[in-house]
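Heads up: numbering here begins at 1 and tracks the sequence.
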Amino acid sequence: MKNILYDKINLLCFIWLIPTLHFVLNPSYSLSSLPTWIAVLLSIFLSLKNKIILPLSIPFIALLSPLAVNGKILNLLPSELFLLGLFFIGILLFLLKRKTFITLLSGEKYLIALLILVFISYIASLQFQVLFKSILSWIMIATVFCSTRVIIKSKENIDSYFFVIIVCTFYCSIITLVSFFNGIVLSDFVESSIYNKQKMYYEDYLAFIRAGFFYTNIGYITVPAAIISLMRSINSFAMLNRLLYGALFTFFIAILFLMVEKTGLVALSIALAFLFIINYLTPRLKAKKSKLIKLIFVSVAPFFGYLVFTLISTISNYEISAGGFSQRLCVFNSTLKVLVQYPLRFLFGFGPDSSNIINNKLTQSAKVNCSGISEGAIDSGHMTFLFDYGLIFALIFILFLIHCSYGIYKKIKISPDQKTFYAILLGITIYFNFAALTDVVGTSKVAWIISQFFAIIVISLTYNLNSSKSEMRKSVV
């Protein structure tokens, strides 16, 4: 049965390789949408055959659907139509089951409170028409979370999800790399008019034009994939797996450098430093393989990181520095100044995504940098939450991340046989916490994947995982 599931997962990855290769071989704005639509339909078919495939297919559908921008239906991408159908089917199944009592998992009270505060912020904003799309985005995020939480039931399912995240991130990174060297601006890819799209070759500019993706906050997916790859590489016993996952980790780091993801790289370094410390504060099993091999592997990792940076630096005009941090601090100060003037808004915010959608004196004043110029965004997940949803929302979100981090740490202490698994979750949680300091989370398709990670985390906190059994047992601690 397990082999059949793995075959379907491999088939799912192969299905989404086709639209990826279609872009790689024909990098242009006038891309045919047919391969992507076929991939979506085949993913749905596999999900009908085995429901576990549904949450595993969401990363592909969410992140690669923009490849079908030239073939929208009702002006909606395949991912949006998919989630719309999933939402109504989920509501229908819930009503048919007539189950009114729902057992909450560890940490879900925080998430329910956050969702309630989103709607309070929306109502208090009085910008119902302007911010309605943001509410729909939150409903989509909640739908993705619920479907993942309901369907994923075992550690094997979660391990399969980690594998899918690595493969999907690899596809996204390949698209990023190909678009960079072919002058394709992926942020322009979803523009409705071909005339609004431009080709920008990095060698034609005095300043470095960094690589990008359809969604600017893709680092929230790339870094978790890098963490999973590194942990699997270090803890795999087969040398081939070590080399494969190690190469993927190096590739993801190279992409982060190419995208000048300073926040992602710093937050990743902090997360790995925490994991290194926790490794020596928690019980360990006796090594089945030589400790010397792992020590050598970890020791040469910084060398490869330096090698990647040196290689990327050969690109003309490439530069990465911390100069933008001071500008962000000025923006944060401007945001606080605006909020202090409106105490009620300080508590409940100006409305979902208002800092990005609404363009008035208040939102512009909240984004003023050290030079007196209004930035395009507040550029911080925590500060954006504070402005859009209020202080209560921002504090609850931080408390949720702390709750998850501490809960996973306790799991590591009492389950040394599952240490690698929980270390991956802890690394991802720590990364989210620090990355949100200077990087926007938003409500884009990337947030769908973040919600899946949160679903997996609350599942793992609530249940005891047994590597010898496929199902999870309810935790008694």
Legend entry - Option from Thr335, Val440, Asp388, Asn356 for which side chain to side chain contact (heavy atoms under 4.5 Å, CB included) with Ile378 holds: Thr335
Inset, instruction - Tell me, yes or no, whether the heavy-atom count around Phe274 atom CZ, taken from other residues, nucleotides or ligands under 6.0 Å, exceeds 12. - result: no
Legend entry - Pair Glu80 + Lys445: basic N to acidic O under 4.0 Å: yes
Inset, instruction - Report yes if the side chains of Leu256 and Phe252 come closer than 4.5 Å at any heavy-atom pair, otherwise no. - result: no
Legend entry - Side-chain donor/acceptor of Trp37 to backbone N/O of Pro78, under 3.5 Å: no
Inset, instruction - Measure the acute angle between the ring planes of Tyr220 and Phe432, then classify it against the limits of 30° and 60° as parallel, tilted or perpendicular. - result: tilted
Legend entry - Criterion ring pair (Phe, Tyr, Trp, His ring centres under 6.0 Å) against Phe454, the qualifying member of Trp448, Tyr110, Phe400, Phe145: Phe400
Inset, instruction - Using atom types as modelled and distance alone, determine if a side-chain donor or acceptor of Asp439 lies under 3.5 Å from a backbone N or O of Thr263. - result: no
Inset, instruction - Establish, yes or no, whether a centroid distance under 6.0 Å links the rings of Tyr389 and Trp138. - result: yes
Inset, instruction - Show the numbers, then the answer: is there a side-chain hydrogen bond (donor to acceptor under 3.5 Å, both in side chains) between Ser106 and His403? - result: CA-CA 9 Å; Ser106 177; His403 168 83; 2.9 Å; yes
Legend entry - Pairwise side-chain contact, Leu56 with Ser160, heavy-atom cut-off 4.5 Å (strictly under): yes
Legend entry - Beyond-backbone contact of Ile234 with Tyr245, side-chain heavy atoms, under 4.5 angstrom: no
Legend entry - Distance (rounded to the nearest 0.5 Å) between Ile459 CD1 and Ile158 CD1: 6.0 Å
Inset, instruction - Mind checking salt bridge (Lys or Arg N to Asp or Glu O under 4.0 Å) for Arg232 and listing every partner two or more places apart, or none if nothing turns up? - result: none
Inset, instruction - Check for a donor-acceptor pair, side chain of Thr363 on one end and backbone N or O of Ile358 on the other, with a separation under 3.5 Å. - result: yes
Legend entry - Check: Tyr161 ring centre within less than 6.0 Å of Phe453 ring centre: yes
Legend entry - Parallel, tilted or perpendicular: ring planes of Trp16 versus Phe60, cut at 30 and 60 degrees: parallel
Legend entry - Side-chain donor or acceptor of Ser415 paired with backbone N/O of Ile412 under 3.5 Å: no
Legend entry - Ser65 side chain vs Ala62 backbone, donor-acceptor pair below 3.5 Å: no
Inset, instruction - Using a 4.5 Å cut-off on heavy atoms from C-beta on, say whether the side chain of Val446 contacts that of Leu63. - result: yes
Legend entry - Any Leu64 side-chain heavy atom under 4.5 Å of Cys172 side chain: yes
